[in-house]
Number of protein chains: 2
Amino acid sequence: MVKKEKDASTEQRILDAAKQVFVSKGMAGARMQDIADGAGINKAMLHYYFRSKEQLFEIIFRDSIGRFVPKVKALITSELSLYEKIEQFCDGYISMALENPYIPMFVLNELHKQPDAFVRKMFNNELPDLSKLVQQIDEEIKKGNIKPISPVQLIMNMMSLCVFPFLAKPIFSILMGLDELQFRNSIEQRKKAVPQFIMDSIKR
Amino acid sequence: MVKKEKDASTEQRILDAAKQVFVSKGMAGARMQDIADGAGINKAMLHYYFRSKEQLFEIIFRDSIGRFVPKVKALITSELSLYEKIEQFCDGYISMALENPYIPMFVLNELHKQPDAFVRKMFNNELPDLSKLVQQIDEEIKKGNIKPISPVQLIMNMMSLCVFPFLAKPIFSILMGLDELQFRNSIEQRKKAVPQFIMDSIKR
DNA sequence: GTCTATAACTCGATAGAC
DNA sequence: GTCTATCGAGTTATAGAC
């Protein structure tokens, strides 16, 4: 990196443009030309800064998801109560996705193209251990603190409620006539509303 | 169609293979070669039966989603109670997606590439009218039958709980160690469990 | 570092024999 | 109806001048 550090560097402009294109078109649909246009340079420069499309994609992905995964791993094996875990997962995921709204679609697409390889990559070859969380749910049921529910169903519900609105943004916006700001506000509310919705449902 | 009707027709084999490929790779990622391989023929035959990739995609899409959309439109404007609508939407969507598990991903992908055009195509240029449903929710709140909740949030929740598990099948299966049958059973349960989960949460 | 030009390749589509 | 062979458009990637 011998260049001068004046305005927003070419490198950064490429990364920003690439994020934008990769999320709206997916890896296969993305065109290096579109990324170059978005960054205000030509295709050759993309290859100068990042050897290949593959590598550009890789860098963006790691940079985006790299910080969130370890947090979730730590959370689910922590000593917090079930309610705190639900609260922190929802808040943490929704906050992350509000800052990187392209991530949910990005992850989903790659997941479908090569499930095993991608899951391993995402979790650095070490799957998070859900057994403690599952056990915790079963205990709360046995103690009579929450209604009987299969842990698998509860975890599915929590993830669904957090992730899906980001994936379905286009259809929600059109169907419910939400503009950019209204959509953002609706999502913002969900940081509190989703844990509330879940607890209202399961608590006795 | 002058060919003999012996085994599973070439045409049907193409459609089956195409479904399979389109859902796992998306429209842009799908390769005519892969579809041809899946159907046990060569690329030229694809073009003989279906003029273009575009057209093949179109046919599969209309065939899959064509029946479900009108049902939903009728349901939300019907005279049924809020609870019955929730129950029937969840059961209807989950049943449809269990039979056509590729649809959720398929719709989502196209939605992201060309949101407006695709939504119009999906609903035949006539968006479903949610106002009656929204009004119904507000009334139930005013009557004190359910807790205060934004109709937008409630509808988002319902759709999330129904759709997301199909999208996230690969990660759920790996994370929770579910085989094909176990996953199917978990989803099957959700036909009843999701409406229950929602009602438990909102009812007074 | 940035550009133009072009090589190398992928993939949808077509021609034409059988 | 089915195949092989090939074209042509569109894309990633590289060479080489400035």
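Convention: sequence-line order gives letters A, B, ...; per-chain numbering from 1. Keep in mind that the numbers below use all heavy atoms, side chains included, and drop hydrogens, waters and symmetry copies.
Distance, A/Ile14 CD1 to C/dC3 P: 10 Å, rounded to whole Å. Rounded to whole angstrom, the span from the OH atom of A/Tyr48 across to the P atom of C/dC3 amounts to 12 Å. Between the CE atom of A/Met27 and the C1' atom of D/dT11 there is a distance of 12 Å, given to the nearest Å. Rounded to a whole Å, the CD atom of A/Gln33 is 13 Å from the C1' atom of C/dC3. Remark: C1' of C/dC11 and CE of B/Met32 are 10 Å apart, rounded to the nearest angstrom. To the nearest angstrom, P of D/dA13 lies 10 Å from CD1 of A/Ile35. Between the NZ atom of A/Lys25 and the C1' atom of D/dG10 there is a distance of 14 Å, given to the nearest Å.
In terms of the salt bridge (charged side-chain N to carboxylate O under 4.0 Å, His left out) criterion, residue partners of B/Lys132 (sequence neighbours excluded) are, by chain and number, B/Glu79. B/Asp200 is linked by a side chain to side chain contact (heavy atoms under 4.5 Å, CB included) to A/Lys147, A/Ser201, B/Gln196, B/Lys203, counting only residues two or more places apart in sequence or in another chain. Shown here are the side chain to side chain contact (heavy atoms under 4.5 Å, CB included) partners of B/Asp34, two or more places apart in sequence or in another chain: B/Val21, B/Lys25, B/Arg31.
Listed by residue number, A/Lys43, A/Ala44, A/His47 are the residues of residues 38-47 of chain A with a heavy-atom contact under 4.0 Å to DNA chain D. For the contact set between residues 50-63 of chain B and DNA chain D, defined by any heavy atom under 4.0 Å, there are no members.
Counting only distance, with no hydrogens or angles, the side chain of A/His112 and the backbone of B/Leu167 share a donor-acceptor pair below 3.5 Å. Listed for the A/Arg190 side chain is no donor-acceptor partner under 3.5 Å among the backbone atoms of A/Ser186.
Put simply, B/Tyr49 has a side-chain N or O that comes within less than 4.0 Å of OP1 or OP2 on D/dT2. In this structure, B/Thr10 reaches the D/dT2 phosphate: one of its side-chain N or O atoms is under 4.0 Å from OP1 or OP2.
Contacts of B/Ala28 with the nucleic acid, taken as non-hydrogen atoms under 4.0 Å apart, are absent. Using a 4.0 Å heavy-atom cutoff across all strands shown, B/Ala30 reaches sugar-phosphate atoms only and no base atom.
Using a 4.0 Å cut-off between a side-chain N of Lys or Arg and a carboxylate O of Asp or Glu, B/Glu180 and B/Arg184 do not qualify as a salt bridge.
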* Asked: Is there a side chain to side chain contact (heavy atoms under 4.5 Å, CB included) between B/Phe118 and A/Ile171 once you walk through the steps?
  -> CA-CA 10 Å; B/Phe118 188 75; A/Ile171 201 166; over 6 Å; no
Mind listing the side-chain donor-acceptor pairs of residues 89-98 of chain B below 3.5 Å, one per line with the distance, residues two or more places apart or on another chain?
| unit_1 | atom_1 | unit_2 | atom_2 | d |
| --- | --- | --- | --- | --- |
| B/Asp91 | OD1 | B/Ser95 | OG | 3.3 |
| B/Ser95 | OG | B/Asp91 | O | 2.8 |
| B/Ser95 | OG | B/Lys191 | NZ | 3.4 |

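With contacts defined as side-chain heavy-atom distances shorter than 4.5 Å, the pair A/Glu126/A/Lys73 qualifies.
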